[in-house]
Amino acid sequence: MRLLIANGYVIDPAQGVNTGKSVLIEDGRVVGLLSHSDDVPEGCEVIDAIGLIVAPGFVDMHAHLREPGHEYKETIASGAAAAVAGGFATVCAMPNTDPINDSAAVTRFIIEQAENARLANVFPIGALTKNSAGTELAEMGEMKDAGIIAVSDDGHSVPSPGMMRRAMEYARGFDLPVIDHCEDKSLARGGVMHEGHWSLVLGLRGMPAAAEEVDALRDCALAELTGARVHLAHVSTRGAIEAVRRAKEKGLPVTCEVAPHHWTLTDEAVADYDTNTKISPPLRSRDHIEAILAGLRDGTIDAIATDHAPHHADEKALEYDQAPFGITGLETAVGLAFELVNQGVIDIERLVEVLATKPARIFGLENRGTLRADAYADVTILDPSFQWTFDASRSKSRSRNTPFAGRTMLGAAVATIVAGRVVFLHPGFERLVTSERKALAKGGSR
Ligand SMILES: [Zn+2]
């Protein structure tokens, strides 16, 4: 089975490619990059990507797929469908399911469900501590043998520096990155939004930025002490980003990600008590957003991750302080990342880096996040000039809890290819796929 993605503009930061090329794929792997003037090899299905950007398949480092246990919110299959519809070829599944993914059995179950769905690649993240209770280390070695690519108690914070130190030392022995949700509970407990002007105005209990910052500082210090690879999830504060910047200056193996809602919305969005603005960490004030944009610009922030967190409409219909934290994000992340490009914060090469190159590298996903010869043929095709409006009612996710319903965006992932199979084509772009070589001979069919 051969596939040629012809006439596109290939951006692959991993190999420094940023030029017009065609991508030849065979048996699920990249064969290599061809010149546009090369003949179409025999027996190829062709995607005509003229005017489009061809990037390595995007990797979401942080999603909650809810299965096992909360299938009414999301299943691995529905989450994988939302992932590919959003341009993600790969999605990494956080362990806070029911049961928690703290065993090889749950890890294997997730991988099996993903294989049955045949959409996105799904890599499970194992729990750091048993039942993510923060008291006893989980069996990281068994889970790694079963297929986890990192460990985290995301959704919970690790309660004590001593526990985190032991977890980092243990994870280091298995060469697993430790992902931390930085939120000191003694500071944040009871809070439902960012602590500041708007929490006072609205009369809602706030979580101070310091709750994130003290854990970020702790984790950076422990990365230095233990030598473990540490990845800070969804950083949202100036202080956490500054901590990562200083750790990097020291040469420590510390990385971080940011989620699109954290630069797109401020805490003012909470003003109408829409529970689709209730997230942990919370939407922050303008000053923190400026720090996020600076971190995206200067490379302190390594990756954009969705923190896709589906919840049922009935749960989100509760009072603001009763509703669960989290919003969906797989189908809006790329469009919101393009807003950064359109505002001149980052260029498209950096967009590909933070959505594909770096996430694959941080999690050690070999032969992914690049279109190098012999890499897995995971590809995301982008149209930077495609204007679209997010229709949440047509989301592939089982849940609809998003503050971005009805938002019009410029730039989208229009096709997603996983292991050489086209698993998503944006409605309206079906014309891209052709087996007719003569359409190309005329210089493109569009
Ligand atoms: Zn989290």
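Between Ile381 and the choices Ile47, Ile53, Leu425, Val422, the side chain to side chain contact (heavy atoms under 4.5 Å, CB included) rule is met once, by Ile47. The side-chain hydrogen bond (donor to acceptor under 3.5 Å, both in side chains) test with Ser236 is passed by exactly one of His194, Glu212, Glu183: Glu212.
Applying the salt bridge (Lys or Arg N to Asp or Glu O under 4.0 Å) definition to pairs two or more places apart or across chains, those involving residues 72-101 are Lys73-Glu315. Residue pairs meeting the salt bridge (Lys or Arg N to Asp or Glu O under 4.0 Å) criterion with at least one member in residues 119-143, sequence neighbours excluded, are Lys130-Glu136. Pairs engaging residues 396-414 under the salt bridge (Lys or Arg N to Asp or Glu O under 4.0 Å) rule: Glu339-Arg407 [sequence neighbours left out]. Every pair tested for salt bridge (Lys or Arg N to Asp or Glu O under 4.0 Å) that includes a residue from residues 269-279 fails, sequence neighbours excluded, so the list is empty.
Under the side chain to side chain donor-acceptor pair (under 3.5 Å) criterion, Asp180 pairs with Arg218, sequence neighbours left out. Contacts of Arg172 classified as side chain to side chain donor-acceptor pair (under 3.5 Å), with partners at least two apart in sequence or in another chain: none. Applying the ring-ring contact (aromatic ring centres under 6.0 Å, His included) test to His181 and every residue at least two apart in sequence or in another chain returns His234. Residues passing the side chain to side chain contact (heavy atoms under 4.5 Å, CB included) test with Glu213 are Ala209, Ala210, Thr237, His288, sequence neighbours excluded. With sequence neighbours excluded, the residues that form a ring-ring contact (aromatic ring centres under 6.0 Å, His included) with Phe174 are Tyr170. For His311, there are no ring-ring contact (aromatic ring centres under 6.0 Å, His included) partners at least two apart in sequence or on another chain. Under the rule for a ring-ring contact (aromatic ring centres under 6.0 Å, His included), Tyr9 has no partner lying at least two apart in sequence or in another chain.
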**OP:** Kindly determine whether Arg246 and Glu242 satisfy salt bridge (Lys or Arg N to Asp or Glu O under 4.0 Å), including the steps that lead there.
**Re:** CA-CA 6 Å; Arg246 262 181 269 134; Glu242 193 50 48; 3.8 Å; yes
Original post:
Are Asp267 and Arg284 close enough, and set up right, to give a salt bridge (Lys or Arg N to Asp or Glu O under 4.0 Å), and what steps lead you there?
Top reply: CA-CA 5 Å; Asp267 53 348; Arg284 303 289 186 182; over 6 Å; no
**OP:** Start with the C-alpha distance between Asp12 and Arg372, add both sets of side-chain angles, then the distance that settles salt bridge (Lys or Arg N to Asp or Glu O under 4.0 Å), and finish with yes or no.
**Re:** CA-CA 8 Å; Asp12 182 9; Arg372 210 176 272 132; over 6 Å; no
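For Gln343, the CD atom is densely surrounded, since the number of other residues' heavy atoms within 6.0 Å is greater than 12. In this structure, Arg297 places its CZ atom where more than 12 heavy-atom neighbours from other residues, nucleotides or ligands lie under 6.0 Å away.
The shortest heavy-atom contact between Ala259 and Asp307 is CB-CB, 4.4 Å.
Aromatic ring orientation, His312 versus Tyr72: tilted (interplanar angle from 30° to 60°).
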Let me have the donor-acceptor pairs involving side chains of residues 413-421, under 3.5 Å, with sequence neighbours excluded, atom names and distances please.
unit_1 : atom_1 : unit_2 : atom_2 : d
Thr416 : OG1    : Val84  : O      : 2.7
Arg421 : NH1    : Arg118 : O      : 3.2
Arg421 : NH2    : Arg118 : O      : 3.4

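Ionic pairing of Arg108 and Glu112 is not present here: no N-O contact between side-chain nitrogen and carboxylate oxygen is shorter than 4.0 angstrom.
Between His261 and Phe404, the ring centre distance reaches or exceeds 6.0 Å.
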